[in-house]
Amino acid sequence: MSEDVYTSNEREAASAFTKQAPNFDELYGTDEITLYKRKRVRDHVLRWLNPAASILELNAGTGEDAIYFASQGHRVHATDISSGMQEILKQKLTRKNLLAKVSQELCSYTHLAELKCRGPYDLIFSNFAGLNCTDQLGGVLDSFN
C-alpha cells in the first residue's frame, strides 16, 4: 500500500517504528513484564482458538506473536504500517523456516478494507499494538464486518 494514502500522523508513526525496528526486540524481547503479559494473552487466546486457525494480526511489529502462533500450527497474516518492522519479521521468518505459515502486508489498521489477503479469519488479533492510540477505533471495528 502506498504511504501517500496515510495521514501525516500515520506516516510519522511508520517512520518512528521503522527507525526503532532494529532495536525493538533488544529493548522489549527480554523484559520480564512484557514477557509475562505476552504469555497471559497467548494462553488466553489458545484456550479459544481451534487447531490450524487463520489469524489476522494487526500491528504485528517484529512478529513475536505471529511467530509464536505459527509455531503452534496456525496461519498468520501479519500487518504493520512500519516497513522496518515488516523487514525484521521477514528475516525472523526466514531464519525460523516459517515463511509458509506467516504472510505479511504493509498496511495500517485504518485501511483494512484494502487488505490484499482478505481472509476469512478465525481470529483478528492485536497485542501491544496501537489500537489504543487511534481516534478511529469505530472505523477499524466496522472494517471487520
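Being a predicted model, the structure only gives us computed values, none of them experimental.
For T110 and E10, the side-chain atoms include at least one donor-acceptor pair closer than 3.5 Å. Using modelled atom types and a 3.5 Å distance limit, the side chains of E105 and H77 yield a donor-acceptor pair.
Salt-bridge annotation for R47 and D43: absent, with no side-chain N of the basic residue lying under 4.0 Å from a carboxylate O of the acidic one.
Taking OG from S82 and CG from L106, the interatomic distance works out to 7.5 Å, rounded to the nearest 0.5 Å. The CG atom of D65 sits 11.5 Å away from the CG atom of N59 when rounded to the nearest 0.5 Å.
Residues L131 and V45 fall into different hydrophobic clusters, defined by Ile, Leu, Val, Met, Phe, Trp and Tyr side chains chained together at heavy-atom separations under 4.5 Å. Residues I55 and L58 do not share a hydrophobic cluster, defined by chaining ILVMFWY side chains whose heavy atoms lie under 4.5 Å apart. Placement of F69 and V41 within a single hydrophobic cluster is found when ILVMFWY residues are connected by side-chain heavy-atom separations under 4.5 Å, directly or transitively.
Residue-environment remark: CZ (F144) exceeds the threshold of 12 foreign heavy atoms within 6.0 Å. Counting heavy-atom neighbours within 6.0 Å of K90 NZ, excluding the residue itself, gives a total of 12 or less. Within 6.0 Å of the CG atom in L27, the count of heavy atoms belonging to other residues, nucleotides or ligands exceeds 12. Counting heavy atoms of neighbouring residues, nucleotides and ligands inside a 6.0 Å radius, atom CG of N23 exceeds 12 of them.
Judged by the 6.0 Å distance and 45° axis criteria, R38 is not positioned over the aromatic ring of F128.
In terms of modelled atom types and a separation under 3.5 Å, the side chain of D80 and the main chain of M85 share no donor-acceptor contact.
Between Y6 and H111, the two ring planes are perpendicular [angle over 60°; tilted spans 30° to 60°].
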